[in-house]
Amino acid sequence: MAENSLGTDTPLPVSVPDKPALEGLEERLSAAWRTAGTYRFDPETTRDQVYSIDTPPPTASGSLHVGHMFSYTQTDVLARYQRMRGKNVFYPMGWDDNGLPTERRVQNFYGVRCDPKTPYDPDYAPPAQPAKNQRDWDVVSRRNFIELCEQLAVEDEKVFEHLFTTLGLSVDWDLTYRTIDDVSRAVSQRAFLTNLSAGDAYMAEAPTLWDVTFRTAVAQAELEDREMPGAYYRYPFTAADGTQIHIETTRPELLAACVALVAHPDDERYQPLFGQKVVSPVFGVEVEVRAHPLAKADKGSGIAMVCTFGDLTDVTWWRELDLPTRAIIGRDGRVTAETPEWITSEAGREAYAAIAGKTVFSAKEAVVELLREAGLLDGEPKKISHPVNFFEKGDKPLEIVTSRQWYIRNGGRDEDRRERLVGRGKEIEFHPGFMRSRYTNWVEGLNGDWLVSRQRFFGVPVPVWYPLDAAGDPDYEHPILPSEEQLPVDPAADAAPGYDEAQRDVPGGFTGDADVLDTWATSSLTPQIVGRWSRDEDFFAKVFPFDLRPQGHDIIRTWLFSTAVRGDALHGCAPWKHAAISGWILDPDRKKMSKSKGNVVVPTDVLNEFGADAVRYWAASAKLGADTAYEIAQMKIGRRLAIKILNASKFVLNLGATSSDVLDGAAEVVVNGLDRSLLARLSTVIDDASRALESYDYARALDLVESFFWSFTDDYVELVKDRAYGARGPEEQASVLATLATTLDAVLRLFAPFLPFATDEVWGWWREGSVHRAAWPTSAHLAAALEGADPGVLPTVGSALGGIRKAKSEAKVKQRTEVVAGTISAPAAQIEQLRAGLGDLLAAGNARDLTLIVADGELTVGGVELAPAEEPAPR
RNA sequence: GGUUCCUUAGCUCAGUUGGUUAGAGCGCUCGCUUCACACGCGAGAGGUCGCUGGUUCGAGUCCAGUAGGAACCACCA
């Protein structure tokens, strides 16, 4: 580690600019830090020296947002604090370029489409301009697509890196990764194969939530409810004796996919029907009436039409009542063209022809029309608004189709694992603590394992092949797996081990798994990727489990949980000790900021206008977990504070206060009671701020330091100016100068994590190296100066000065107007404190004399006689 | 329906194990170009801590209830 000690009082020439300013500091200092390697992680280290951070990788293909500055600053403050505490901080940066946003951006930017079946072209160059018509876009292999992605990512990442650098993030830029690069793909595949061999991953054919636009399966974590208009349609099924049983449904288009009617076992209206067959209208298909406790007697007509599959409840009934499968919705979201074999009647088959090949929407209209024509629609449809499941990135309701998919066990179907994962959540210290309940809530509400295969083209391929039998059908029971050394592999381009490429997709040969892994299946491995898991186990052991995972509360169910699942399966522990959950940025109207609302502020504009320290002040003023309004006013205050630090430092240093030996114990020079009082207060602030930061409450630490600093400049500095100029002799002057320098030194260190630019600028005026490599102050170093010090002297003298100022203010005279006489009455203890600072009080108040009177009650200043106003000098 | 958070000055928010007259900043009013800072300095006004009850010598703080706001999860016939 660099000069991480207090012995920094080298006799450098002090060089203070005439007009200190914030402008330009970001560029100059961040370049200097980069050159000096100020934030470099030292791999020669032991685990207990390290503080490791599992940085969230931003989507570099996305747009910059003030939210980025907000949450990343909060993490940076914690990182800087730990570094000053002497920790070897492992603070990497990643780029999440494995996912739909990047896929879309690469497609549109270059005008290409990915088809994994296309062979790799090592000499491929994208068109100079994307073709206007998407049909004319180049079709490229997955590997070419990934290469294009990496090319474009370089440009996108520069923009983010520039923002983060300007913001002053103390990231070690040598530690970067991309979620789509070779290393990440290899780690993702290795983890998947490890899960597979340990039984933590498996393949199954099952009903799956399906997005018809993207034509891919989606996981529970990617679901989103949207309130949609709909209608209840009421129509009858017919029992053998001719009784009509009315059902109500919002999805009449699935009538042909009906497999049963279900009512509650206690529902007396339907009890006689349980076990009997009824016939569906229009299609004339026989289905059984069944009982199940999930059916609600008070919903609709109390009896539900079960289709395969209308919603997740249907899946439950289908599974638990062992119902047949009669699917009619294809993966394209249309009704299958072929007439199903379970529709046997002539009329039924004719009716089916009316919906075959139609979209869900058109099929619904057609079925309703058929019902209406047959006079079976009971009354008009009742319009309602109801929640419908959507893929969070999709714009059509999800369907449920049966398909073969890969899953990773996450406790959704296994009580033991579920409890173990809840326990992992308890191993993690959440900040704020209540955020853990979101984790627990999610784990306990899971209704299935984690579906990780996606029928997309761009992403990390599922690293698996299948042998083909003599008929050319894949043997899914015996997948062919790659060796460790082969990773990463692309089964669509690379031949299976032991096979020749010529044997691809021919009987007796092999076929590659066509799917890619869910992006979270890779993102969930950020600790393993950046920590060099399986590549450098020695290194991995120095950073894992990580100390900190910072992230937003909106991705607890996805990123946080999935990382915990991987940590549990691969390492048998939680992946981090702490999780710092940041809030969202709301616009000033308290609505969530979003692009669609057009209320997004461009971060670079704000940085240019107020400076990085000002923006950081705003971010660091908000507690973890608290959604926070985007507030320019708060940035103005931060800017004011940063400027004040520059100016106050300039003043203090120009007074000649440059030796802070007191911090190293050379305290005997501090003889004045007011000085000792200030240092006693400083000592308390150091202790309190340190305690707050230890518990991840940086906002409180900032508040404490800031309050101290303002009382330092407004009260203490104002009081001691005269003495600092030497008006009361060399000993008194030495005392105040040592106190000023000591306080300035400590204050710069205390502010350094929050305002890295202004503090390091001042540090450079009189110190060697960077304040960001200096040690965090401790009160132990001040103890020697504080024997018997009374922290109450400063506030008491300060309020006496306030009383004098008030008298002048009320008289509407200049503050430097001379006080001819005045009395201060206060209890004896305060009079004692006033005596300790009387000299400074007289000087600061420009008072000839003040009479101190012991009296009960609070301190009051009275009988102030002011000197007559000076006549304006004759012109 | 379950879980969680929030409600304190006009605004944004502190208030750490319950303890003397509840704080800050912004905004507002008044004053001051005081030799670090006008991107400044000083002074001042402004709150029955959502509401109701309880515990306690003592409640903004703990408990119960209640109203309003927000988020997460579940429901989705």
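Within every chain, numbering begins at 1; the chains are lettered A, B, ... in the order of the sequence lines, protein sequences first and strands thereafter. As a basis for the values below, the full set of heavy atoms in this structure was taken, side chains included, without hydrogen atoms, waters or symmetry mates.
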Checking only heavy atoms, does the side chain of A/D714 share a donor-acceptor pair with the base of B/rC41 at less than 3.5 Å? no
Pick the nucleotide of RNA chain B nearest each of A/A304 and A/K19; which residue has the one closer to the 5' end? A/K19
Take atom NZ of A/K636 and atom P of B/rA24, then tell me their distance rounded to the nearest Å. 22 Å
Against the side chain of A/K296, the closest entry in B/rA77, B/rU3, B/rG31 is B/rA77
Quick check: do A/V306 and A/R290 have side-chain heavy atoms less than 4.5 Å from each other? no
Once you apply a heavy-atom cut-off of 4.0 Å, does A/E810 come out as touching a base, just sugar-phosphate, or nothing? nothing
Answer with base, sugar-phosphate or nothing: what part of the nucleic acid does A/Q220 contact at a heavy-atom distance below 4.0 Å? sugar-phosphate
Select one nucleotide: of B/rA77, B/rG15, B/rC73, the one nearest the side-chain heavy atoms of A/R700. B/rG15
Taking any heavy-atom pair under 4.0 Å as a contact, classify A/D688: base, sugar-phosphate, or nothing. nothing
Just to be sure I understand the rule, does A/A295 reach a base, reach only the sugar-phosphate, or reach nothing, if contact means heavy atoms closer than 4.0 Å? base
Winner on side-chain proximity to A/I637, out of B/rC26, B/rC32, B/rG2, is B/rC26
Less than 3.5 Å between a donor and an acceptor, one on the side chain of A/R438 and one on the base of B/rU3, is that the case here? no
Inter-nucleotide C1' distance (B/rC75, B/rU12), Å rounded: 37 Å
If you assign A/S649 and A/S437 each to the RNA chain B nucleotide with the nearest heavy atom, which residue ends up on the more 5' nucleotide? A/S437
Between B/rG65 and B/rU17, how far apart are the two P atoms, rounded to whole Å? 23 Å
Separation of the P atoms in B/rG53 and B/rU20, to the nearest angstrom: 24 Å
By the 4.0 Å heavy-atom rule, please label A/R251 as base, sugar-phosphate, or nothing. nothing
Please work out which of the three classes, parallel, tilted or perpendicular, describes the rings of A/W766 and A/W763, given edges at 30° and 60°. perpendicular
Measuring from the side chain of A/K806 (C-beta onward, heavy atoms only), which nucleotide among B/rA43, B/rC37, B/rA77 has the closest atom? B/rA43
Could you tell me the separation between the CG atom of A/L446 and the C1' atom of B/rU3, rounded to a whole number of Å? 15 Å
Hey, does A/W710 reach any base, or is it just sugar-phosphate, or nothing, if we go heavy atoms under 4.0 Å? sugar-phosphate
Under 4.0 angstrom, heavy atoms only, what part of the nucleic acid is A/V388 near: base, sugar-phosphate, or nothing? base
Please evaluate the base of B/rG31 for a donor-acceptor partner in the side chain of A/S809 within a cut-off of under 3.5 Å? no
Mind checking who B/rU56 pairs with, Watson-Crick or G-U wobble, both distances under 3.5 Å? none
Any Lys/Arg nitrogen of A/R251 or A/E399 sitting under 4.0 Å from an Asp/Glu carboxylate oxygen of the other? yes
Could you tell me how far apart A/N447 (CG) and B/rG2 (P) are, to the nearest whole angstrom? 20 Å
Base, sugar-phosphate, or nothing for A/N654, non-hydrogen atoms under 4.0 angstrom? nothing
Between A/E429 and A/Y696, is there a side-chain donor-acceptor contact under 3.5 Å, judged purely by atom types and distance? no
Tell me the interatomic distance from A/D311, atom CG, to B/rA74, atom P, rounded to whole angstroms. 14 Å
Under 4.0 Å: is that the gap between some side-chain N or O of A/K623 and OP1 or OP2 of B/rA14? yes
At less than 3.5 Å, do the side-chain atoms of A/Q815 and the base atoms of B/rA43 form a donor-acceptor pair? no
Is A/R691 salt-bridged to A/D688, cutoff N-O under 4.0 Å? yes
Angle between ring planes, A/W317 versus A/H292, binned at 30° and 60°: parallel, tilted or perpendicular? perpendicular
With rounding to whole Å, what would you report as the distance between B/rG46 and B/rA22 at their P atoms? 13 Å
Nearest to the side chain of A/R640, heavy atoms from C-beta on, is which of B/rC73, B/rA77, B/rC39? B/rC39
Could you work out the separation of B/rC57 and B/rG47 based on their C1' atoms and round it to a whole Å? 26 Å
Expressed in angstrom and rounded to an integer, what is the separation of A/L653 atom CG from B/rC37 atom C1'? 15 Å
Among the candidates B/rG31, B/rA36, B/rG2, find the nucleotide nearest to the side-chain atoms of A/K812. B/rG31
Would you kindly give the CD-to-C1' distance between A/E631 and B/rC11, to the nearest whole Å? 8 Å
Would you classify A/T713 as touching base, sugar-phosphate or nothing, given that sugar-phosphate means primed atoms plus P, OP1 and OP2, and contacts are heavy atoms under 4.0 Å? base
Taking only the C1' atom of each, what is the distance from B/rG10 to B/rU66 in whole angstrom? 28 Å
Between A/H386 and B/rA77, is there a side-chain N or O to OP1/OP2 distance below 4.0 Å? yes
Taking all non-hydrogen atoms of both residues into account, name the closest pair between A/L841 and A/A800 and its distance. CD2-CB, 3.8 Å
If only side-chain N and O atoms of A/R557 are considered, is one of them under 4.0 Å from the OP1 or OP2 phosphate oxygen of B/rC73? yes
Go through the N and O atoms of the side chain of A/K644 and the base of B/rC37, and report whether any donor-acceptor pair is under 3.5 Å. yes
Between P on B/rC13 and CG on A/D697, what's the gap in Å once rounded to a whole number? 16 Å
Inter-nucleotide C1' distance (B/rG69, B/rU8), Å rounded: 16 Å
Please measure how far the C1' atom in B/rU33 lies from the corresponding atom in B/rU16, and state the result in whole Å. 43 Å
Between CZ of A/F709 and P of B/rA24 the distance, given in whole Å, is 18 Å
Please classify the nucleic acid contact of A/I643 as base, sugar-phosphate, or nothing, using heavy-atom distances under 4.0 Å. base
Of the nucleotides B/rC37, B/rA77, B/rC32, which one has an atom closest to the side chain of A/E718? B/rC37
Applying salt bridge (Lys or Arg N to Asp or Glu O under 4.0 Å), run through A/R639 and A/E23 and close with a yes or a no. CA-CA 11 Å; A/R639 180 176 171 80; A/E23 280 66 31; 2.8 Å; yes
Should the pair A/F70 and A/W618 be assigned to parallel (<30°), tilted (30 to 60°) or perpendicular (>60°) ring geometry? tilted
If you only use heavy atoms from C-beta on, which nucleotide in B/rC26, B/rC41, B/rC73 is closest to the side chain of A/W442? B/rC73
Side-chain contact check for A/Y725: nearest option of B/rA77, B/rA36, B/rG15 is B/rA36
Closest to the side chain of A/K299, out of B/rG42, B/rA14, B/rC75, is B/rC75
